[in-house]
Amino acid sequence: EKVSPLYMDKGYFYFQIEPQITPVGQDLLDVHFEIVENEIVKVRKIIIGGNEKTHENVIRRELMIFPGDIFSRKKLLDSYRDVFMLNFFDNVNPNVVPIDDDEIDITLDVLEKSVGQANLSMGYNELHGFTGGGGFEFPNFRGRGQTLSISYNRGLAGGQNSNTTSSYTTPSYVSSSSANQSSYQSFSMSYTEPWLFDTPNLIGGSFFYTERGKGSGNYLPFDIKQMGGSIRWGRRFKWPDVFFRGSWMIKTSNNTYFADSRDNLSGYFGSAIDNLIINDGAKFLFKTSGVSFTQIIARDNRDHPEFPTQGTKFTWTSLLSGSFLGGDEDYHKHIFDFEWFSPLVRKFVMHQKMKLGVLKAIPVNSKERSVVTPSARFIMGGSGMPYGEMLRGYEENSIGPEGYYNAGDVMLKYSLEFRLSLSESPTIYALTFVEAGNVWKSFESIDPFNIKRSAGFGIRLFMPMLGMLGYDMGYGFDNVGNFSDDTPKGWEHHLIFGMPF
């Protein structure tokens with residue numbers, strides 16, 4: 001079983017090996033392997049079938065083996081994986097057809113997914129209550145592998161009042177109006193071309209608009225309005241191996257913060273911005289502009305886009321905002337994200353995830369102002385939607401340094417899941433999990449023994465028209481907010497319905 005792939009990777013498709021066992025005495029055996037190599041085989045044709053919408057070139061450019069090449073079993077399996085990971089197909093069936101002693105044909109039959117249709121979405125979390133929206137998602141636009149997305153999402157927290165935040169320490173400068181409902185809405189549009197002129201170069205662009213209202217779920221003492229866009233370029237690497245990708249993005253944004261009083265803004269951003277706050281009569285405004293450069297290095301050799309059974313995924317994201325790039329927001333931020341998938345028994349998989357994030361402000365003496373935007377810092381808890389890091393078993397954004405926003409500059413999280421496949425098409429699986437993590441205000445305040453832990457269970461369903469549907473029930477073993485109390489947080493429910501934006 002181990003010798004055969006070595007020969008087939010070198011083109012010996014008709015290779016044969018047969019063990020011959022001969023007894024020698026009463027307690028000994030001779031084992032002789034009879035090997036017949038036969039001819040080295042080349043690929044004559046590669047035939048694609050079943051692609052009614054997807055252009056054949058979209059599939060062929062993912063292949064690592066070509067007509068005229070010496071046959072390689074490994075290249076065929078890697079090609080199968082890359083085509084499947086496009087997530088355009090429900091199934092991909094590779095096959096080898098013998099032609100003669102030194103030639104073979106390869107057939108690749110695909111079963112296309114229902115893609116390129118309008119979608120509606122809905123989600124629920126304790127920060128924004130029910131959030132809903134819709135849009136158009138074309139992950140295989142015009143059958144050419146491009147992605148076009150236009151989406152709108154809106155939420156309004158219901159059933160909450162100022163008493164819900166009694167367990168969190170709120171600064172004195174937060175006005176009483178912060179007990180209002182916390183609203184949220186966003187609009188985004190993006191386009192991605194993964195193979196520019198049939199070369200392994202990716203280009204993309206996006207535009208976004210977001211509004212976040214203060215309230216009992218949003219621990220900031222002001223409303224936020226953000227608008228901006230980005231352009232991106234990416235490329236596949238050949239070194240260290242073919243699973244590596246890199247992308248680079250330039251993003252610009254304009255942010256406006258609305259508060260009921262001047263102290264709400266200067267209390268959060270610092271007294272240095274006091275003379276930059278504008279009073280328009282009804283509100284106090286503070287505006288910033290940001291220019292950032294982001295580099296993402298990723299490696300992904302998972303075997304399935306929705307229910308991986310083996311492989312790893314690694315992402316290293318580094319962001320530089322402001323400094324010599326311009327703008328009013330000066331900081332650098334780094335995130336390391338590792339995932340491992342290990343098959344245990346049939347349809348039973350172990351998934352591990354480790355995530356580390358750090359942020360550091362850049363002092364710029366030549367500027368009148370230099371800030372770190374609230375959205376740049378790390379927050380944790382709940383389902384992680386629409387922003388933040390998931391930590392089930394706790395309320396939304398409730399994990400972090402003691403304060404009104406629970407946002408910090410250092411984040412660490414570990415998650416362990418055991419997943420059981422219930423259906424392959426559509427993909428349905430049940431899971432049980434244990435998680436631990438926390439967010440600290442700064443490097444100096446890191447306490448590796450202050451980790452919030454949880455455990456629970458859930459289920460996931462992937463539907464072509466709706467995306468991912470999920471439900472988790474988690475138990476928080478630690479207290480949040482009142483750190484002198486060791487009472488466990490208890491059970492929390494987390495529901496995702498629709499395509500998360």
Side-chain angles (χ1 to χ4, degrees), residues 4-5 7-15 40-117 137-147 193-195 198 200 236 242-243 300-311 341 343 346-347 349 421-429 461-465 467:
S4 181
Y7 270 88
M8 297 192 74
D9 287 344
K10 300 296 184 181
Y12 294 96
F13 178 75
Y14 298 109
F15 160 83
I40 292 180
V41 173
K42 290 187 175 182
V43 178
R44 190 187 68 155
K45 295 181 180 179
I46 298 178
I47 304 167
I48 310 294
N51 52 317
E52 299 178 359
K53 302 176 183 177
T54 306
H55 286 232
E56 185 171 306
N57 188 48
V58 173
I59 301 174
R60 287 192 179 273
R61 65 195 185 192
E62 298 293 332
L63 303 181
M64 297 184 181
I65 189 169
F66 307 98
D69 286 357
I70 293 176
F71 174 78
S72 170
R73 174 180 174 273
K74 183 180 185 303
K75 288 184 178 180
L76 178 59
L77 294 177
D78 288 343
S79 299
Y80 157 78
R81 173 210 167 270
D82 286 350
V83 172
F84 202 88
M85 286 297 291
L86 289 172
N87 208 16
F88 300 158
F89 311 108
D90 280 324
N91 200 9
V92 179
N93 291 317
N95 192 23
V96 177
V97 181
I99 301 300
D100 51 36
D101 291 344
D102 60 357
E103 284 187 326
I104 54 98
D105 284 350
I106 295 176
T107 63
L108 207 65
D109 294 318
V110 299
L111 178 62
E112 292 185 315
K113 286 185 174 182
S114 299
V115 296
Q117 302 183 33
E137 181 77 21
F138 297 93
N140 188 13
F141 185 52
R142 299 188 301 152
R144 298 182 181 273
Q146 301 153 344
T147 300
E193 166 58 73
W195 283 75
D198 286 328
R236 297 187 174 200
V242 296
F243 300 114
D300 185 355
N301 68 340
R302 297 173 299 162
D303 61 347
H304 195 284
E306 295 174 351
F307 187 78
T309 60
Q310 60 184 0
F341 298 88
R346 186 174 179 268
K347 296 185 177 183
V349 177
S421 176
L422 304 178
S423 171
E424 294 183 359
S425 183
T427 301
I428 306 174
Y429 64 87
L461 167 64
F462 291 83
M463 296 293 291
M465 289 289 291

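With a 4.5 Å cut-off on side-chain heavy atoms, L76 and F71 count as touching. In this structure, the side chains of N57 and R144 stay at 4.5 Å or more apart for every pair of heavy atoms. With contacts defined as side-chain heavy-atom distances shorter than 4.5 Å, the pair V41/Y12 does not qualify. Put simply, the side chain of E306 reaches to within 4.5 Å of the side chain of N87, judged on heavy atoms. Between L461 and P426 there is a side-chain heavy-atom pair separated by less than 4.5 Å. Taking the side chain as every heavy atom from C-beta outward, I47 and V97 never approach each other to under 4.5 Å.
Rounded to the nearest 0.5 Å, atoms OG1 (T309) and NZ (K347) are 12.5 Å apart. If you take OH on Y429 and CZ on F462, they are separated by 4.5 Å, rounding to the nearest 0.5 Å. In this structure, the separation between NZ on K53 and CZ on F88 is 12.5 Å, given to the nearest 0.5 Å. Between R60 atom CZ and I48 atom CD1 the span is 4.5 Å, to the nearest 0.5 Å. Once rounded to the nearest 0.5 Å, the distance linking OH of Y80 with CG of N93 reads 7.5 Å. For the atom pair F243 CZ and D78 CG, the distance stands at 4.5 Å (nearest 0.5 Å).
Between the side chain of N91 and the main chain of L111, no donor-acceptor pair closer than 3.5 Å is present. Side-chain atoms of N140 come within 3.5 Å of backbone atoms of G145 as a donor-acceptor pair (strictly under, hydrogens ignored). A donor-acceptor contact shorter than 3.5 Å is absent between the side chain of E52 and the backbone of E112. At least one donor-acceptor pair closer than 3.5 Å links the side chain of S79 to the backbone N or O of M64. Listed for the R302 side chain is no donor-acceptor partner under 3.5 Å among the backbone atoms of M85.
Checked options K75, R81, R236; the residue passing with E62 is R236 (criterion: salt bridge (charged side-chain N to carboxylate O under 4.0 Å, His left out)).
Applying the 6.0 Å contact sphere to CD of E424 captures no more than 12 heavy atoms from other residues, nucleotides or ligands.
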Indicate every side-chain donor-acceptor pair of residues 101-108 with a distance under 3.5 Å to a residue at least two apart or in another chain.
residue, atom, partner, partner atom, Å
D105, OD1, R44, NE, 3.1
D105, OD1, K45, N, 3.1
D105, OD2, R44, NH2, 2.7

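For D82, there are no side-chain hydrogen bond (donor to acceptor under 3.5 Å, both in side chains) partners at least two apart in sequence or on another chain. Residues forming a ring pair (Phe, Tyr, Trp, His ring centres under 6.0 Å) with F141 (at least two apart in sequence, or on another chain): F138.
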* Apply side chain to side chain contact (heavy atoms under 4.5 Å, CB included) to V110 and T54, showing your working. => CA-CA 10 Å; V110 299; T54 306; over 6 Å; no
* To do: Would you sort out whether H304 and T427 count as a side chain to side chain contact (heavy atoms under 4.5 Å, CB included), showing the intermediate values?
  => CA-CA 11 Å; H304 195 284; T427 301; 4.3 Å; yes
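Looking at every heavy atom in both residues, F89 comes nearest to L86 through CE1-CD1, 4.3 Å.
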